[in-house]
There are 2 protein chains.
Amino acid sequence: MEDHGDVRTRALEAATRLFATAGFDGTSLQAVAEAVGVARPTLVYHFGTKDGLRDAVLDRLLGRWQSELPAILAAATTGKDRFRGAVGALLDFFRADPHRARLLVREILDRPEVVRARFERHLRPWTPLLVGYVDRGRAEGRVHAQVDAEAWILQLLVAAVGTLSTGTVAAAMFADPPDVDRQLAELVRIAEASLFRVRGDATPPSAPARRSSA
Amino acid sequence: MEDHGDVRTRALEAATRLFATAGFDGTSLQAVAEAVGVARPTLVYHFGTKDGLRDAVLDRLLGRWQSELPAILAAATTGKDRFRGAVGALLDFFRADPHRARLLVREILDRPEVVRARFERHLRPWTPLLVGYVDRGRAEGRVHAQVDAEAWILQLLVAAVGTLSTGTVAAAMFADPPDVDRQLAELVRIAEASLFRVRGDATPPSAPARRSSA
DNA sequence: CCTACCGATCGGTAGG
DNA sequence: CCTACCGATCGGTAGG
């Protein structure tokens, strides 16, 4: 079906999409092979087993995330600009490919210990910078004294990934469901209001707040 | 294995646990039958197909949720007490059975349209009360003017379910991972700080905020 | 990178 | 609620 790149790359792309949509157990090697346009044993040749393909897909996702982290943290300046840059980049990463958040959530549910180990190895080196930024803000009086830095960062991450993986379905509980952009705009507002002691000096962080009644 | 209740009830309990842990496609009917202590065709007799069992498991979860909603909303009083009662009851519902949040997330990922239809039927009737409460608070000056009621409620729900389904794994990105209670305490603080214009008058909503450094 | 083939397991049925 | 059985599909191998 697809004809761009080598088989390995095309297989990783197809498997990411299929695993994210139907899950690992809900996706047969045959389905991946057909999407790539090769015979099933070809995938075994490239990845060893179906589980090998799974690992390669997860590593590719975390590798891309990891490779964007330094750029985010380095390019940021100080204060709220740094905050907005980091939050915006986090949202953009998962928004760039709608399969990323779904795949990540599925892997956490299916293989918590494997993902935990990957998080420790790939993400843990960067988190002291984030925690240090919050702690410094608190020491300087810009951040609320009650903020629990690690827990606050986790809630932001969980809310962002959760919104992009399950948000459109959860929104169906409302008669006039807010779309993902509106949910993420409110998330940015919530994050800012719960972190900083004073309101933003300039314009709202992203989209303006909208009335809830239709 | 289990010997309490009739086969149907025991099957729903076992399937909830197995589906939440390994997923629907990762759980064989045989595995459910063995957990219940019956032969596989017995489950087919009771639920028609494996998909029938899946529907029964989802309906049972949403039914329990729905049956707790009126009690929450009715027992609450006004202002922050009402807010704390509703948020606390939401968290308690998913905390009471750790499989509930995982099962719900899996079903949203696997069958978005099915869950969307269930949400519209079971949850939508109650959401105007929640939105109305936020809107009233804003009109009376207790709630921030920028709050997007529907999006704010969704973010609270997504963060709560996300924390209870994937939080312990995500926390592994920190050298000293906050446990679920600490994550939920911060979530309550975030919710309150992002909703109300003035800080709580009495004690913090749940556990006191803890320092982030070990 | 392919064709041909393998044993194992799947959900579901027949019949009682 | 059971035993016995069904065709279909699964991941993986042999051999080229």
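Order of the sequence lines fixes the chain letters, A, B, ..., with proteins taken first and strands second; residue numbering starts at 1 for each chain.
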> In whole angstroms, how far is the P atom of D:dG12 from the CD atom of A:Q30?
Replying inline: 13 Å

>> Without decimals, in angstroms, what is the distance between A:F47 CZ and C:dC1 C1'?
In response: 14 Å

> If we call it a pair only when both distances are under 3.5 Å in a Watson-Crick or G-U wobble match, what pairs with D:dT3?
Replying inline: C:dA14

> What is the distance, rounded to the nearest whole Å, between atom CG of B:L18 and atom C1' of C:dC10?
Replying inline: 16 Å

> After noting the C-alpha distance and the side-chain angles of A:D148 and B:R189, does the key distance pass the side chain to side chain contact (heavy atoms under 4.5 Å, CB included) rule?
Replying inline: CA-CA 9 Å; A:D148 179 335; B:R189 190 200 67 78; over 6 Å; no

>> What is the distance, to the nearest angstrom, from the CG atom on B:L43 to the P atom on D:dC1?
In response: 10 Å

>> Without decimals, in angstroms, what is the distance between B:L29 CG and D:dC1 C1'?
In response: 15 Å

> A:H46 has a side chain; which of C:dG11, C:dC1, D:dT13 sits nearest to it?
Replying inline: C:dC1

>> Centre-to-centre under 6.0 Å for B:F196 and B:F83, is that the case here?
In response: yes

> Whole Å only: how far is the CZ atom of A:R40 from the C1' atom of D:dT9?
Replying inline: 9 Å

>> One thing to verify: whether A:R182 and A:D179 come together as a salt bridge, which I'm taking to mean a side-chain N less than 4.0 angstrom from a carboxylate O.
In response: no

> Between C:dT3 atom C1' and A:Y45 atom OH, what is the distance in whole Å?
Replying inline: 17 Å

> Could you give the CZ-to-P distance, from B:R8 to D:dC1, as a whole number of Å?
Replying inline: 12 Å

